[in-house]
Amino acid sequence: MDSERTLTIIKPDGVEQRNVGDIIKKFEESQLRIKAAKMLHLTREQAEGFYAVHRERNFFNDLTRYMSSGPILVLVLEGENAIDRLRDLMGATDPKKAAKGTIRQLYATSIEKNVIHGSDGPVTAKTEIGYFFSALEVL
Ligand code: ATP
Ligand code: MG
């Protein structure tokens, strides 16, 4: 498997609860390299743009309100099989169903406030990286 890139977001609850350091430690322990990082506080419109695929879902309003409710940390990670490995580190969307030791099992408080986002495939990863970073900003 070749080296691959993925986009991750430490969501407003993760930043607010000061879990950023612990989460980045897990990325690094898992051999994922940080290629870009920035703190942002999304507007509602920017959150709606990012989660546009979910616009028909009944949780879209709550999701975009939450994602624009406070600062987030957005990162590009690189490594072998990075997309699936990050998803494994994150755990299931619903923290009640997340495997022991995963980021969501450890830090998430609900299916909405679930601490972390990770791209779900190579096409999404490329689009999502481009949503936040220019080519010059990714090492
Ligand atoms: P993410 O895309 O953030 O990495 P995911 O891929 O595990 O999460 P998705 O199905 O893409 O899950 O949902 C996107 C986000 O929408 C979830 O991470 C969560 O914050 C929120 N969400 C998903 N399902 C629900 C739900 N039933 N109720 C409330 N919020 C939800
Ligand atoms: Mg998703």
Side-chain angles (χ1 to χ4, degrees):
M1 169 59 89
D2 291 338
S3 185
E4 165 178 91
R5 286 178 177 174
T6 189
L7 184 104
T8 186
I9 301 176
I10 303 179
K11 295 181 178 184
D13 53 329
V15 173
E16 171 67 23
Q17 295 170 100
R18 284 171 283 169
N19 290 321
V20 170
D22 287 346
I23 293 170
I24 288 179
K25 191 170 165 68
K26 287 188 175 291
F27 298 155
E28 296 195 321
E29 281 171 353
S30 177
Q31 310 305 315
L32 293 168
R33 290 191 172 278
I34 299 170
K35 290 283 154 174
K38 64 171 89 164
M39 296 289 302
L40 291 171
H41 187 153
L42 298 181
T43 64
R44 188 69 179 263
E45 292 69 29
Q46 289 166 338
E48 287 169 0
F50 181 72
Y51 276 120
V53 289
H54 292 311
R55 92 191 137 249
E56 305 303 332
R57 310 288 287 277
N58 60 0
F59 57 79
F60 183 70
N61 273 337
D62 289 342
L63 172 61
T64 55
R65 186 185 311 116
Y66 152 60
M67 286 301 291
S68 56
S69 68
I72 59 173
L73 179 65
V74 191
L75 304 98
V76 176
L77 302 176
E78 187 178 272
E80 262 182 50
N81 204 14
I83 295 171
D84 285 348
R85 284 203 299 122
L86 173 65
R87 300 283 305 186
D88 287 347
L89 285 179
M90 287 163 50
T93 309
D94 181 352
K96 291 201 283 283
K97 296 179 184 150
K100 201 159 187 295
T102 58
I103 292 166
R104 284 166 166 168
Q105 185 267 321
L106 288 169
Y107 306 119
T109 50
S110 71
I111 191 167
E112 177 186 272
K113 294 186 173 56
N114 63 3
V115 173
I116 186 165
H117 164 83
S119 305
D120 60 11
V123 177
T124 351
K126 198 162 191 291
T127 314
E128 291 180 354
I129 290 169
Y131 192 79
F132 290 110
F133 297 99
S134 76
L136 291 175
E137 292 174 316
V138 184
L139 302 182

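As a basis for the values below, the full set of heavy atoms in this structure was taken, side chains included, without hydrogen atoms, waters or symmetry mates. Whatever order the structure lists ligands and atoms in, that order sets their numbers, starting from 1.
Atoms of ligand 1 found under 4.0 Å from any heavy atom of R87, numbered from 1 in the order shown, are 4 (O), 5 (P), 6 (O), 7 (O). In the vicinity of N114, heavy-atom distances shorter than 4.0 Å reach the ligand 1 atoms 17 (C), 18 (O), 19 (C), 20 (O). Within ligand 1, counting atoms from 1 as listed, the ones closer than 4.0 Å to a heavy atom of G118 are 4 (O). Interface atoms of ligand 1 facing K11, defined by a heavy-atom separation under 4.0 Å, are 3 (O), 17 (C), 18 (O), 20 (O).
Protein heavy atom at the shortest distance from atom 20 (O) of ligand 1 is E112 O, 2.9 Å. When only non-hydrogen protein atoms are considered, atom 12 (O) of ligand 1 lies nearest to T93 OG1, 3.4 Å. Scanning the protein heavy atoms around atom 2 (O) of ligand 1, the nearest turns out to be H117 ND1, 3.0 Å.
Counting heavy atoms of neighbouring residues, nucleotides and ligands inside a 6.0 Å radius, atom CZ of R44 exceeds 12 of them.
When atom types are taken as modelled, the side chain of T64 and the backbone of F60 share a donor-acceptor pair closer than 3.5 angstrom. When atom types are taken as modelled, the side chain of N114 and the backbone of A108 share no donor-acceptor pair closer than 3.5 angstrom. Side-chain N or O atoms of R85 include one that pairs as donor or acceptor with a backbone N or O of E80 at under 3.5 Å. Put simply, the side chain of R5 never gets that close to the backbone of A125: no donor and acceptor are under 3.5 Å apart.
At under 3.5 Å, not a single nitrogen or oxygen of K113, backbone or side chain, sits near a nitrogen or oxygen of ligand 1. Residue H54 has at least one nitrogen or oxygen atom sitting less than 3.5 Å from a nitrogen or oxygen atom of ligand 1, judged on distance alone. Between M90 and ligand 1, not a single N/O pair is under 3.5 Å apart.
A salt bridge links R65 to D62: at least one charged side-chain nitrogen sits closer than 4.0 Å to a carboxylate oxygen.
Across I111, L63, T8, D94, heavy-atom proximity to atom 15 (C) of ligand 1 is greatest for L63. Across the listed options F50, Y66, F60, F59, F59 owns the non-hydrogen atom lying nearest to atom 22 (N) of ligand 1.
R104 counts as a contact of ligand 1, since one of its heavy atoms falls under 4.0 Å from the ligand.
Between Y51 and H117, the angle of the ring planes goes over 60°, which puts this pair in the perpendicular group of the 30/60° scheme.
In this structure, a donor-acceptor pair under 3.5 Å is absent between the side chains of Y107 and D13.
Neither the backbone nor the side chain of R57 comes within 4.0 Å of ligand 1, counting heavy atoms alone.
Residues L89 and T102 are not in side-chain contact: their nearest non-hydrogen atoms beyond the backbone lie 4.5 Å or more apart.
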